[in-house]
Number of protein chains: 2
Amino acid sequence: SQEPAFGNRGMTLEEDINDTNEHYLVMNKAVIHKKPTPVQIVKVDYPKRSAATIKEAYFKQASTTDYNGIYKGKYIDFEAKETKNKTSFPLSNLHDHQVKHMKQVNEHGGISFLIVRFSLLNETFLLPSMKLFSYWESQYNGGRKSIPYSDIKEAGHLIPFKFQAKVDYLDVLDQLYF
Amino acid sequence: SQEPAFGNRGMTLEEDINDTNEHYLVMNKAVIHKKPTPVQIVKVDYPKRSAATIKEAYFKQASTTDYNGIYKGKYIDFEAKETKNKTSFPLSNLHDHQVKHMKQVNEHGGISFLIVRFSLLNETFLLPSMKLFSYWESQYNGGRKSIPYSDIKEAGHLIPFKFQAKVDYLDVLDQLYF
Ligand SMILES: [Mg+2]
Ligand SMILES: [Mg+2]
């Protein structure tokens with residue numbers, strides 16, 4: 001169950017997920033890693049007797065999602081986002097190629113989803129990508145540009161907070177897919 | 001079959017694999033991507049009216065392998081290396097945590113391997129990670145610090161060069177695992 005009363009304050013969703021993945025790895029439950037932040041490197045110095053220093057670089061848009069790996073023989077792929085919005089999740093947090101990537105993953109037999117944290121409510125949900133797609137498409141057909149909190153509560157799954165697995169999303173996957 | 005006679009000159013192994021993966025994606029055969037180069041970002045400028053500029057950063061050692069994704073429902077994970085050595089592949093090209101990662105992938109039901117290109121011979125091999133592990137361990141027990149070319153030719157699988165799939169490793173995986 002979600003326990004907002006202890007721990008976790010000031011930790012970003014990314015930090016919590018990285019800790020969780022580290023715990024899964026140590027417990028030999030799953031092998032899931034965050035991909036490095038994509039960076040376009042423009043200028044590098046190679047000083048004598050010390051490490052190469054990147055002197056000019058820019059953040060690039062990711063071509064896929066942030067996390068992937070393997071769990072119980074299945075390919076796992078997800079994006080994680082937190083919002084300070086209390087009433088909805090703005091779709092502008094995602095990019096078209098990320099959503100396209102999730103569709104490709106599903107087509108090839110993988111499991112893809114979104115983890116959304118409403119920071120101010122201290123609630124974190126897993127939203128299967130199939131549920132995301134209809135909201136994603138309808139925004140281009142005059143639909144709303146965000147997913148209401150109430151819809152995520154309904155179509156998504158509250159991810160339990162555990163002491164060792166702060167975002168215990170495998171617990172939700174077990175209920176949904178295994 | 002390998003056709004050193006056309007194309008491909010001056011392309012790095014990484015470029016060839018990226019092209020191959022792009023072809024697989026377009027053909028809807030597999031969803032496999034290279035992970036971004038891991039970078040430790042130290043200093044970022046946020047100029048008004050233009051993109052954030054990374055002013056100081058360092059290359060970090062990768063904690064996993066370079067490529068992963070999904071093919072026919074299976075989790076795929078590999079590292080790619082090229083060497084100018086003609087007689088052996090030096091194990092110093094790999095790191096301990098990369099090999100450990102490959103073991104974890106296998107344990108969880110994924111397929112992991114090494115792609116090795118002998119640049120000067122213009123030959124590229126797929127070596128299943130199970131074959132790699134024994135060489136990896138024996139280097140710590142007085143064994144040699146490299147894998148002989150002849151052993152890779154024997155234990156590995158020549159990856160065919162195709163016009164559209166310059167490093168057609170799925171062709172080898174089909175023979176080995178599907
Ligand atoms: Mg992200
Ligand atoms: Mg590498």
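We name chains A, B, ... by the order of the sequence lines, and we start the count at 1 in each one.
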Do you reckon B:Ile70 sits in the same ILVMFWY cluster as A:Tyr71, going by side-chain contacts under 4.5 Å, direct or chained? no

Quick one: pull up CG in B:Leu25 and NE2 in A:His101 and give me the separation to the nearest 0.5 Å. 9.0 Å

Residue, of A:Gly69, A:Gly109, A:Ala62, A:Ala51, that accumulates the most heavy atom pairs under 4.5 Å with chain B: A:Gly69

Any side-chain heavy atom of B:Tyr75 within less than 4.5 Å of one from A:Val31? no

Heavy atoms under 4.5 Å from chain A: which residues of residues 126-140 of chain B carry them? none

Cut-off 4.5 Å, heavy atoms of chain B, and the answer for A:Ile76 is neither

Heavy-atom distance under 4.5 Å to chain B: side chain of A:Asn28, backbone, both or neither? both

Determine the minimum heavy-atom distance between A:Pro38 and B:Pro36, stating which atoms define it. CA-CB, 3.8 Å

Option that, when pairs with chain B are counted at under 4.5 Å, heavy atom only, ranks first among A:Ser63, A:Gly110, A:Ala52: A:Ala52

Please identify, among B:Lys29, B:Lys74, B:Glu107, B:His108, the residue contributing the most non-hydrogen atom pairs under 4.5 Å to chain A. B:His108

List the residues meeting side chain to side chain contact (heavy atoms under 4.5 Å, CB included) with A:Asn141, not counting sequence neighbours, and say none if there are none. none

From CG (A:Asn68) to CG (B:Asn68), nearest 0.5 Å: 4.0 Å

A:Ile41 vs B:Val39 side-chain heavy atoms within contact, under 4.5 Å: yes

All salt bridge (Lys or Arg N to Asp or Glu O under 4.0 Å) counterparts of A:Lys153, not counting sequence neighbours: A:Glu123

By the side chain to side chain donor-acceptor pair (under 3.5 Å) test, which pairs, at least two apart or in different chains, include something from residues 32-56 of chain A? A:Lys35-A:Thr64, A:Glu56-A:Tyr58

If you tally heavy-atom pairs under 4.5 Å against chain B, which of A:Lys72, A:Lys60, A:Gln104 wins? A:Gln104

Against chain B, label A:Val42 side chain, backbone, both or neither, depending on which of its atoms sit under 4.5 Å from a heavy atom there. neither

Taking atom NZ of A:Lys145 as the centre, does the number of heavy atoms from other residues, nucleotides or ligands within less than 6.0 Å exceed 12? yes

Between A:Ala30 and chain B, which part of the residue has a heavy atom less than 4.5 Å away: side chain, backbone, both or neither? backbone

